[in-house]
Structure formats: structure tokens, C-alpha cells
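The shown structure was predicted, so the numbers you read here are calculated from the model rather than taken from an experiment.
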Amino acid sequence: MMPTVSDPQELGFDSARLALIDDHLRTKYIDNGKFPHAALLIGRGDEVAHLSVMGEARAGEPLREDAIFRIASMTKPITSIAFMQLVEQGRIALSDPVTKVLPEFKDTGVFVSGGRTTPFVTRPPTSPMKMIDLLRHTSGLTYSFQERSNVDAAYAKAGFERFDGGTLEEFVAAVARMPLEFDPGSAWNYSISTDIVGAIVQRVSGQSLDDYFAEHITGPLGMVDTHFQVPAEKLSRVPDCYVWDPAKRMKIYDPGAGSAWGKAPKLLSGGGGMVSTLADYHRFARMLLNNGELDGVRIVSPHTIRLMTANHLPGGRDLTQMSQSLFSEAENAGAGFGLGFGVVTDPVATTLPGNAGEFYWGGMFSTNFFVDPIDDIIVVFMTQLMPSNTYPIRRTLKTMVYSALIG
């Protein structure tokens, strides 16, 4: 159920300035065919100051407030919370080597040479891959879509990001046979690390990832529309999903009718496999803002939230200093990485309004969210266009949200 929208003025927002955000989205992105649709929720504390939906979910069908979106990497914070629940129970520790739970990685080496047409040559890592390396993406794993290295190419050939090559257990075994990009802890690289975290959650808990989420996170939080598989009775709420095309701007990637997310996945991707709604993800973000608790249900402790949303990059560095590929761009100055989230460490360096301590992430279909514990703000934005860096909507949206905050 969608939350009730409160009077934005009472929550410290200027109504006219909030209306400018919708005007901007409509004129700059929807009317000219850059995005198929857009849904935006702006909250303060537990209340909602602004809610808007625009564009078409499918041809001739307006987008609904209860639309179910493919959230891709916005699955990562949920998986990270699951892992930290197990940490709180003493069943695992951030300092543990990954091999404690996944012995498949005991012989995984660091890339030296080879690949593409010749066998890989590797060397032993100078330090073992630890659980914290998976949570903060300093593991040495990668994503093939970065298209930077021979290891990326090997991931692409193996189909690691298509998530159709077998179960999560089979996925772990295949990944462990690939070289690492670098010594764990020595650099940052956006990667399939959180999928490996999901495998660890499965193995430690003894539950499948979807069952674990339903029992310990999405169920208790009342996130009734957040799934790995969209139930048949909900498929009518799934909008069309597009990929950017140089000639047509948008080309169908996954139609809402008959969506691939309506089928049971072989591999439960903790790094990018879920769907959700504005209302559901708002509930998840409220739990984070409320230090791990929502409506009397505690998911994790306040100290765990504070630990997760601190910058864990070695030496307190930011993404521009640590990233080997994606997110090394200048616009990521002043942003570090925690345990499942990007975190703002220096607002001035970001050249955006906001506060130190904000945390955020997004997905490849241009969805994103951020939480600001200082000003008690939650923003959730949904659309369905791949890749997420096609248009600079995230920075513009954040600027306009803070421009509307006057109290």
C-alpha cells in the first residue's frame, strides 16, 4: 500500500520547488523520449513529502504508483543487511577469510598474464580475501560490463552477469576458478562481490536466499512486492524495460508482459536480481534511517547501521582514489564506500548539496535511492532504462531535492 502524502510545507519543503522537479522530469526526460516513465518518492522521517508518477508503463498504459520495478543493484543493500544480521548473531565476522565459508576460493590467484586466447597465469594473493572485501568491493572480483581487462572478458565469456548459467552454488565454483583483478584490499572495483555475499548468507543460514529474505527482512518489514520472481497475479504491474539505443533512444529490453522476472530464476542474485516498488523500498530505507528498526520490528542494531554507513575504503580514501574502473570519475570525489552502500564523506568535494554521512546506491536500469540521516531525507527514484549512466539524472535530482528543502 502506498504511504499517505503529508503536507510538504509542514515537513520543511517548498511545494513550488518540489513541483519544479516533476516539471523537469516531464519536460527533460519523459516528453522527449529519454525515459519511458518515472516514479519519485521524497520522504522526511517516516512521512512522505512528495510522490509522483509519470509516463507510460506499457504502450497506452500510464505508470501506476504500485508499479513493480526491476531494481538490479538496489538489491545489494538488502543482501548486505542479511549478511550483517548473521554477523550480529556471531555466526560470521567481517574479518573472516572468505574461504571459511566458501573453500572454493582457497586456490584463487591474482591475475599476472594471459586470458582471451592463452591460459591465465596467476600468483597467490598477498593477503586473503576477507568478508569485508566482499561488502566494500575490494575483493578483486569484477563485472564483465566494465570491458577493461582480460578478466572482464573471461567473465563475459562465462556469462556471469546473465545469471542463467546455473545455481548460486555453481556460480561460486565458476567464479573461484577465475583470477582476481588485484590483491584483496588494495583497490576498489565494482563487482559481483555481493552475489558471493548472497552465497555466504545461503550457506551460513542453511536457507535459500529468497527464503532468508522473506523470513528475516522483506517479510518483517512488510515489503510485500519485493521478490526475485514476480508472482503471476502481479505481472500486470511490471512496466516495460528498455535499453538505450543510438538510433531509437529506447529499445525494448524486457517487456512487462511476459517479463523474464516472472519466471523462477536459476540463480538468486543478491547483487542484482530483485524487483520492488516505491512503497516497499521506502519501507526499507525508513528502516535504515531509523537505525535498523521500523514499526516496532528490529532488523539490525543501530551500531550495525552506523558501521555499514561509514566509509570502509582503506586509509579513508574515496572512490576516485581507489576505483580501478567505474566510479573513478571526478564526480565521485568525496564519496567512499561502506558495507553495501556508497557514502558521502566530503560534501564539498562532491560539488552537490547534502551532508556527510549520506548513503546511497542505484541499479543498472537507472533506479536509485539515498538516505540523509542529518536532514532525515529519503529519496527513491524508479524508471527502467539501461545503462544507468545514460543520463545524469541522479546528480540533478539530488540538487533539486535539496533546493526544495527550506526548513
Short side-chain donor-acceptor distance under 3.5 Å, [Y] and [X]:
X	Y	answer
Q202	Q207	no
N332	T320	no
Y212	Q85	yes
T345	N311	no
K76	T79	no

Please check if the distance between the ring centroids of [X] and [Y] is under 6.0 Å.
X	Y	value
F182	F111	no
F337	W188	yes
W361	F381	no
F341	Y360	no
Y143	F160	no

Q) Distance-only, no hydrogens or angles: does the R237 side chain make a donor-acceptor pair with backbone N or O of I68 under 3.5 Å? A)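 It does not hold such a pair.
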Q) For N291, does its backbone N or O pair with a side-chain atom of R298 as donor and acceptor, under 3.5 Å? A) yes
(Q) Show every side-chain hydrogen bond (donor to acceptor under 3.5 Å, both in side chains) that has at least one partner inside residues 104-113, sequence neighbours left out. (A)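 Sorted pair list: E104-R203.
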Q: Cation-pi check, R70 to W261: give yes when NZ or CZ is under 6.0 Å from the six-membered ring centre and within 45° of the ring axis, no otherwise.
A: yes
**Q.** Verdict with supporting geometry, T304 and E88, side-chain hydrogen bond (donor to acceptor under 3.5 Å, both in side chains)
**A.** CA-CA 8 Å; T304 292; E88 288 189 336; 2.6 Å; yes
Q. Going through the checks in order, is the side-chain hydrogen bond (donor to acceptor under 3.5 Å, both in side chains) test met by S191 and N189?
A. CA-CA 6 Å; S191 71; N189 193 47; 5.8 Å; no
(Q) Once salt bridge (Lys or Arg N to Asp or Glu O under 4.0 Å) is applied, what residue pairs with a partner in residues 343-359 remain, sequence neighbours excluded? (A) E358-K398
Quiz: residues 23-36 side-chain donor-acceptor pairs under 3.5 angstrom, not counting sequence neighbours:
residue : atom : partner : partner atom : Å
T27     : OG1  : D23     : O            : 2.8
N32     : OD1  : K34     : N            : 3.4
N32     : ND2  : K28     : O            : 2.9

Q: For the pair H37 and F69, name the ring-plane relationship: parallel under 30°, tilted 30 to 60°, perpendicular over 60°.
A: tilted
Q: Specify whether Y402 and F370 have parallel, tilted or perpendicular ring planes, treating 30° as the upper limit for parallel and 60° as the lower limit for perpendicular.
A: parallel
Q. Salt bridge check: are R148 and E181 linked by an N-O gap of less than 4.0 Å?
A.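 Between E181 and R148 there is a salt bridge, with a charged N closer than 4.0 Å to a carboxylate O.
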Q: Indicate yes or no: does R283 engage D46 in a salt bridge with an N to O separation below 4.0 Å.
A: no
Q: Apply side-chain hydrogen bond (donor to acceptor under 3.5 Å, both in side chains) to R395 and T350, showing your working.
A: CA-CA 10 Å; R395 290 175 66 84; T350 70; 6.0 Å; no
Q: Let me know which of L41, L40, I21 forms a side chain to side chain contact (heavy atoms under 4.5 Å, CB included) with S52.
A: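 It is L40; the other options fail the test.
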Q | Member of F365, F369, Y281 meeting the side chain to side chain contact (heavy atoms under 4.5 Å, CB included) criterion with I71 | A | Y281
**Q.** Step-by-step salt bridge (charged side-chain N to carboxylate O under 4.0 Å, His left out) determination, D376 to R44
**A.** CA-CA 5 Å; D376 283 338; R44 196 158 201 204; 5.9 Å; no
Q: Show the numbers, then the answer: is there a side-chain hydrogen bond (donor to acceptor under 3.5 Å, both in side chains) between D280 and T226?
A: CA-CA 7 Å; D280 272 14; T226 302; 2.8 Å; yes
Q: Go through the steps for D96 and R91 under the test salt bridge (charged side-chain N to carboxylate O under 4.0 Å, His left out), then give the verdict.
A: CA-CA 11 Å; D96 284 341; R91 302 171 74 177; over 6 Å; no
